[in-house]
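One-based numbering, in listed order, for ligands and for the atoms of each.
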Amino acid sequence: MEMETTDRVHERIVIKNVLTEQSRIETLAVNAGRSIDQATGAVVAPIYLTTTFERDPDGTYPRGFTYSRTESPNRGQLEACLAALEGGREAIAFSSGLAAAAALIHSLKPGDHIVAPDDVYHGFRKLVDQVFGAWGIQVSFVDFTDPERIAAAVLPSTRLIWAETPSNPLLKITNLAAVAQIARKVGAVSVCDSTFATPVLQQPFEFGIDVVAHSTTKYISGHSDVVGGVLIGRDNNPLLEQARKSQQFAGAVPSPFDCWLTLRGIETLPIRVRAQSDAALRIAGFLQAHPAVEEVYYPGLEDHPGHAIAARQMSGFGGMLSFLVRGSAEAAMQVAGAVKVFTRATSLGGTHSLIEHRASIEGPQTQTPSSLLRLSIGLENILDLIADLDQALGRAIE
Ligand SMILES: *Cc1c(COP(=O)(O)O)cnc(C)c1O
């Protein structure tokens with residue numbers, strides 16, 4: 001029996017008619033993908049904890065849903081909202097950010113080639129080495145701050161150019177228009193992992209990027225309580241069609257509750273991200289002036305090498321920054337050990353400010369300096385955050 005196509009399912013997700021082409025991101029964040037529940041009038045969608053859906057007596061599925069791996073109401077709502085936020089045609093939601101990346105790599109053939117940043121998210125490198133290593137996918141890791149190096153790494157077999165900006169944890173900035181242009185010239189698909197920026201601060205499709213990837217675990221869900229990922233396509237493209245098949249037939253899908261929580265978090269995404277970005281800029285300034293700090297990596301600082309591109313390409317510099325503690329790895333560990341308001345934990349983008357010694361979580365292959373600490377700025381009062389860093393850094397000078 002022929003299943004309904006996903007497009008038909010999406011047509012059934014009623015997008016509130018308050019939305020127009022001109023709706024701004026705060027309005028989309030609250031309304032896109034949502035509808036009033038037809039059965040009860042509930043303003044907030046129920047969590048559809050069902051694996052399966054009833055057929056009509058004639059054997060058809062008139063409501064568009066058959067089985068919750070292939071499509072589910074909560075996932076459809078989340079995908080409609082994410083596509084609207086990014087200004088894309090279609091979003092494909094996964095059970096993690098790396099599952100989203102894996103689905104895109106799944107769509108390649110043995111021998112196909114990827115160009116990726118040398119400081120790409122460390123999990124991406126593990127994915128291509130340890131999961132796809134035996135599949136014959138070729139990957140070149142190069143410095144993405146220099147478009148000439150990206151262009152020089154391209155081969156006739158290059159199918160995917162994977163950018164990540166700002167990057168993790170050095171906050172390097174990639175020129176997205178240059179990446180899109182290089183990809184177009186060789187017929188490759190350009191991807192931007194926009195997790196650090198979010199659609200609030202950066203809209204990669206404006207620069208010609210084909211696919212946007214996010215770990216929705218971070219800012220998009222925003223409360224450190226759900227793991228997820230998404231791929232969003234600007235237009236139709238064959239790699240994304242394959243990624244949809246990977247979602248539906250390989251099945252790394254988010255649960256209805258995951259989708260509901262993520263959509264709930266998105267309502268405040270624009271407000272959270274702007275507040276976190278403003279606070280991070282002030283904290284970067286504070287750290288830069290501190291005698292126990294050797295260097296600060298934040299694209300909002302005028303002496304950051306990517307500042308000019310970030311200022312053009314983003315509407316704020318984001319809530320993430322890193323810095324080097326003067327002295328050794330031990331001094332950095334000591335600072336991390338002394339914070340009281342910041343929480344020592346990995347991950348980012350939630351309401352709690354986090355501090356992390358990156359090199360020790362990334363493992364022995366890491367390129368990250370051993371005295372680097374990464375901060376994810378949350379929603380606490382900025383004065384409390386600065387006072388906390390000040391007292392912790394004070395220990396390092398003692
Ligand atoms: C966390 C993260 C990922 C991976 O996402 P998961 O949801 O942890 O699988 C990918 N890219 C960036 C930039 C990240 O921060």
Next on the checklist: Looking only at the side chains, is there a donor atom on one of His113 and Ser140 sitting less than 3.5 Å from an acceptor on the other?
Outcome noted: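 Side-chain D/A pair, His113 to Ser140: present.
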Item to check | Test ring-ring contact (aromatic ring centres under 6.0 Å, His included) applied to Phe286 - qualifying residues, sequence neighbours left out | outcome: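 His290.
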Item to check | Which residues share a ring-ring contact (aromatic ring centres under 6.0 Å, His included) with His106, sequence neighbours left out | outcome: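 Result, ring-ring contact (aromatic ring centres under 6.0 Å, His included) vs His106: Phe132, Trp135.
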Item to check | Contacts of type side chain to side chain donor-acceptor pair (under 3.5 Å), residue Ser353, not counting sequence neighbours | outcome: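 Once residues adjacent in sequence are excluded, the partners of Ser353 under the side chain to side chain donor-acceptor pair (under 3.5 Å) criterion are Glu380.
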Protein N/O near ligand 1 N/O, under 3.5 Å, which pairs?
from: ligand 1; atom 1: 5 (O); to: Ser215; atom 2: OG; distance (Å): 3.0
from: ligand 1; atom 1: 7 (O); to: Gly97; atom 2: N; distance (Å): 2.8
from: ligand 1; atom 1: 7 (O); to: Ser215; atom 2: OG; distance (Å): 2.8
from: ligand 1; atom 1: 7 (O); to: Thr217; atom 2: OG1; distance (Å): 2.7
from: ligand 1; atom 1: 9 (O); to: Gly97; atom 2: N; distance (Å): 3.0
from: ligand 1; atom 1: 9 (O); to: Leu98; atom 2: N; distance (Å): 2.8
from: ligand 1; atom 1: 11 (N); to: Asp193; atom 2: OD2; distance (Å): 2.7
from: ligand 1; atom 1: 15 (O); to: Lys218; atom 2: NZ; distance (Å): 2.8

Item to check | Phe53 six-ring centre to Arg63 NZ/CZ under 6.0 Å and within 45° of normal | outcome: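 That pair does not qualify as a cation-pi contact.
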Checklist entry - In terms of side-chain geometry, is the basic nitrogen of Arg89 or Asp235 positioned less than 4.0 Å from the acidic oxygen of its partner? => result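 Not counted as a salt bridge, because no side-chain N and carboxylate O are separated by less than 4.0 Å.
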